[in-house]
Number of protein chains: 2
Amino acid sequence: MSAPPSTSSSGFNAAAGKPATIHDVAALSGVAASTVSRALSTPGRVNFRTRARIEAAAAELKYIPNAQAKALSSGRTKAVAVLVADITNPFYFDIIRGTQLQLKAAGYTQLLVDTEESEEVEANSIEQMLQTADGVILTASRLSEEALTLSATKMPLVTINRQVTGIPSVILDTPTATNQALDHLISLGHSQIAYLGGPASSNSNIRRWEALNAAAKERGVEVLKLGPFAPRTYAGAAAADALVHSGATAGIVFNDLIAIGMLQRLQARGVRVPQDISIVGCDDIFGADFCSPPLTTVTAPVEQAGRVAVTMLLSQINPTLGTLPRQQSVLPTHLTIRGSTGPAAVPS
Amino acid sequence: MSAPPSTSSSGFNAAAGKPATIHDVAALSGVAASTVSRALSTPGRVNFRTRARIEAAAAELKYIPNAQAKALSSGRTKAVAVLVADITNPFYFDIIRGTQLQLKAAGYTQLLVDTEESEEVEANSIEQMLQTADGVILTASRLSEEALTLSATKMPLVTINRQVTGIPSVILDTPTATNQALDHLISLGHSQIAYLGGPASSNSNIRRWEALNAAAKERGVEVLKLGPFAPRTYAGAAAADALVHSGATAGIVFNDLIAIGMLQRLQARGVRVPQDISIVGCDDIFGADFCSPPLTTVTAPVEQAGRVAVTMLLSQINPTLGTLPRQQSVLPTHLTIRGSTGPAAVPS
DNA sequence: AACTTTTTGACAACCGATTGCCATTTCTAG
DNA sequence: CTAGAAATGGCAATCGGTTGTCAAAAAGTT
């Protein structure tokens, strides 16, 4: 049957350059629009032969379902928002990479949102995403427990590095490895150790310091707390100066960004690493392995954290698979020893 | 007036936990839904007092317009897709950062898409985005000129580092600075110079090599072409070996990723940089300043490229402002000299 | 005061799907 | 051969807005 150039009411093919709609497909295959919808989504709901016809028509017209219309009528957007505090930070890039990969594999779109380290922007973004996304992944949330719990009742939510009862979360277990770092330094003979802290509002920072402090007490050494420092390389200068001034021979740093900045500053000041001072970073970001000296750091599976978060979120969004969605996932970390740590300087 | 607990037809307030709609706002302020729509979008179209009432009602109900519905009826999604070839590459992160910042400032959402270095995935993604986004930014497109031109007729498009007549583009003028790099090396006494190329399908790679080759001829030196190498640090090992084997005393490398990988490999092999071999990178990515030795490289305003691309795209999407949208924007780059280049080794 | 011009707001038709409900048709079984 | 179940496809309402059209109201003119 060749298509007659019908001058009838509404042309069923995309005469204009406009993309084909479900109605075009319906017209071409001689069924109702609803049937097309069912054929394409509910496999068993439509006759085998009919479906074949419809699929052929869809292919011919290069039909691509309109995401907006789909979202409006179904309530599902097939999009997930990933909120990061600061897109400038390489740490988040690894997370984004992980979420992107996993979301794409599941056919979801990633909405990247920068909350600019602001609690307010974060809250607004979540509110906004309520309608725009099927779920949200919060990396290093600044929100209060109450606010988070409330948000979690409104939509699927997964946090990374933020633990709140009742909210699924992915935790990078850095405290454990930070304690390893402490042991590492102690075994190298260090006794004056400092912790160079990150933002006061950072949950990871608090957890890490508490674990470190407790571990230090256990081992009978004292750990000095310095900071807070902004999680940027340039803050490393201040951190380095503070460390030198404190008299400690080793520093455990909130993250690699600051640690790398410290390395540069120490070098500029003529302080040798690790001969004069040892430095331990955290995260093992891009660059930690090739800075000078290569950074001893706590390696965390950051990208994997992003992937796991997506998996948990999706199982929350589509609870079909019988398996109960995991509520929590703790990812192990480990200490990677490179060149920035060494034996404590012998007091001359 | 206190709100009576009316049992009338449809409750106008969000009795359930559902977000308020335009109808709720309309009911609460006693006007039609269309009036609410106009009050909120077309400022002068609605009476001052009425608008105030509506805005108050909207605020009270915490009304947030539904993005999907808006998109469906208006045809505009307020979203822009940014296609990157490989989200793993730090280079793209700088672009993403730039686009994110600028898009957010304009109230647009960024849809991040990884095309996995595949022409097909890229083509599909564009097709998909036709309905989902108001415009697309293509970073380092792999598509043919015809395909690009065709796509550009269907929706607003801006390319980065890809020049096709008729399509607005942002070009990072690396060739010019690469030639500076050549002069730099020549002035240091190098005469055996190699270009370590990137992916054969990369447009930047081709442009850069052509410029370099032409410049070399002008200056009467010979530049050897090696590669292609994948734009990854691990490819640096092969690149380094190839460079050493070639006998050249200096290498101009496709990008910093490879260059940094080379630095590591050369160090492992005991080849000193810059004493034995000089290396020039490209892009000045995160890490180029603190690797060992710090990398001499072509600094490109990558983040700015992202921002400019967004600006150009938006002026294409909203041609209101009278000014003609710029068709092309060439961003200057410069050579940043650090520690990886030095005088040519005197043949012993 | 009568008439024209401008504002302002409501009605209703989309946008492109999904989905509950119902009418056929087909298959199975009694 | 027919009643009843299962499979199949269509109608129409709905999602939450936008926007063209038009009537009513307000303002301005003479």
Side-chain angles (χ1 to χ4, degrees), chain A residues 9-10 12-14 16 18-55 57-58 61-79 128 130-132 134, chain B residues 9-10 12-14 16 18-55 57-58 61-79 128 130-132 134:
Chain A
S9 55
S10 60
F12 61 76
N13 61 355
K18 298 304 148 203
T21 75
I22 203 172
H23 295 101
D24 299 326
V25 177
L28 181 55
S29 47
V31 298
S34 55
T35 305
V36 175
S37 174
R38 289 202 177 91
L40 266 34
S41 55
T42 325
R45 187 68 177 66
V46 163
N47 183 290
F48 167 73
R49 311 183 67 81
T50 313
R51 174 146 51 105
R53 267 216 329 282
I54 293 175
E55 278 167 355
L61 295 174
K62 296 189 180 167
Y63 167 68
I64 298 177
N66 181 306
Q68 270 68 41
K70 213 163 180 163
L72 183 56
S73 57
S74 71
R76 275 164 272 114
T77 60
K78 278 279 190 176
Q128 176 74 253
L130 220 65
Q131 321 218 16
T132 304
D134 289 346
Chain B
S9 56
S10 59
F12 63 74
N13 61 356
K18 297 304 147 203
T21 75
I22 202 172
H23 295 101
D24 299 325
V25 177
L28 181 56
S29 47
V31 298
S34 56
T35 304
V36 176
S37 174
R38 289 207 172 86
L40 266 34
S41 54
T42 324
R45 188 68 178 67
V46 163
N47 182 289
F48 166 72
R49 313 184 65 80
T50 312
R51 175 144 52 104
R53 269 217 327 283
I54 292 176
E55 277 167 355
L61 295 174
K62 295 189 180 165
Y63 167 67
I64 298 179
N66 182 305
Q68 270 68 41
K70 216 162 178 163
L72 184 56
S73 57
S74 70
R76 276 164 272 116
T77 60
K78 278 278 192 178
Q128 176 73 254
L130 219 66
Q131 322 219 15
T132 305
D134 289 347

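In the text below, chain A, chain B and the rest are named by the order of the sequence lines, each starting its count at 1.
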task = Please tell me which of B:Arg38 and B:Ile64 maps to the more 5' nucleotide of DNA chain D, matching each residue to the nucleotide holding its nearest heavy atom.
result = B:Ile64
inquiry  = Expressed as a whole number of angstroms, how long is the span from A:Arg45:CZ to C:dC21:P?
reply    = 13 Å
request  = Work out which heavy atom in B:Pro19 is nearest to a heavy atom in A:Leu130; give both atom names and the distance.
outcome  = CG-CD2, 4.5 Å
inquiry  = I want to confirm an ordering. Mapping B:Leu72 and B:Thr35 to their closest nucleotides on DNA chain D, which one lands closer to the 5' end?
reply    = B:Leu72
message = Can you tell me how far apart NZ (B:Lys70) and CG (A:Leu72) are? Round to the nearest 0.5 Å.
response = 13.5 Å
message = Which is more 5' along DNA chain C, the nucleotide nearest B:Ser34 or the one nearest A:Tyr63? Just name the residue.
response = B:Ser34
query = Over how many whole Å does the gap from A:Ile22 atom CD1 to D:dG9 atom P extend?
reply = 14 Å
ask   = For C:dG16, does either OP1 or OP2 sit under 4.0 Å from a side-chain N or O belonging to A:Ser73?
value = no
query = Do any side-chain nitrogens or oxygens of B:Arg76 fall under 4.0 Å of OP1 or OP2 in D:dT19?
reply = yes
request  = May I have the distance from A:Asp24 (atom CG) to C:dC15 (atom C1'), rounded to whole angstrom?
outcome  = 13 Å
query = D:dG17, C:dT19, C:dA17: which one has an atom nearest the side-chain heavy atoms of A:Ser74?
reply = C:dT19
task = Report yes if some heavy atom in the side chain of B:Thr21 is under 4.5 Å from a heavy atom in the side chain of B:Asn66; otherwise report no.
result = no
ask   = For B:Phe48, which contact category applies under a 4.0 Å heavy-atom criterion: base, sugar-phosphate, or nothing?
value = nothing
ask   = B:Ser37 side chain N/O closer than 4.0 Å to the phosphate oxygens (OP1, OP2) of D:dT18?
value = yes
message = Distance check needed: D:dG17 P versus A:Lys70 NZ, whole Å only.
response = 22 Å
task = Let me know the distance between CZ of A:Arg53 and C1' of D:dT8, rounded to the nearest Å.
result = 12 Å
query = Which value, rounded to the nearest 0.5 Å, describes the distance between B:Thr42 atom OG1 and B:Arg51 atom CZ?
reply = 10.0 Å
key: A:Thr50 side-chain N/O to D:dG9 phosphate OP1/OP2 under 4.0 Å   = yes
task = For B:Leu61 and D:dG16, give me the distance from atom CG to atom C1', rounded to whole Å.
result = 15 Å
key: N or O in side chain of A:Arg51 less than 4.0 angstrom from D:dA7 OP1/OP2   = no
ask   = Do A:Asp24 and A:Tyr63 come close enough that some side-chain heavy atom pair is under 4.5 Å?
value = no
message = Of the listed nucleotides (C:dT18, D:dG16, D:dG10), which one gets closest to any side-chain atom of A:Val31?
response = D:dG10
query = Is the distance from OP1 or OP2 of D:dT8 to the nearest side-chain N or O of A:Asn47 less than 4.0 Å?
reply = yes
message = Tell me the bend of the helix from C:dA1-D:dT30 to C:dG30-D:dC1 as the angle between end helix axes, each from five pairs, rounded to the nearest 10 degrees.
response = 40°
inquiry  = Determine whether a donor-acceptor pair (N or O, by modelled atom type, separation under 3.5 Å) exists between the side chain of A:Thr35 and the backbone of A:Val31.
reply    = no
ask   = Does A:Asp134 reach the main-chain N or O of A:Arg76 with its side chain, forming a donor-acceptor pair under 3.5 Å?
value = no
inquiry  = Regarding A:Thr21, tell me which of base, sugar-phosphate or nothing describes its non-hydrogen contacts under 4.0 Å with the strands shown.
reply    = sugar-phosphate
note = A:Gln68 CD to D:dG16 P, in whole Å, measures 15 Å
note = Testing C:dG9, D:dG17, C:dT19 for proximity to the side chain of B:Asn66, the answer is D:dG17
remark   = note: A:Leu40, atom CG; C:dT19, atom C1'; distance rounded to Å ~ 15 Å
message = Between A:Thr132 and A:Gln128, is there a side-chain heavy-atom distance shorter than 4.5 Å?
response = yes
Side chain of A:Ala32 (C-beta onward), nearest among D:dG17, C:dA17, D:dC11 = D:dC11
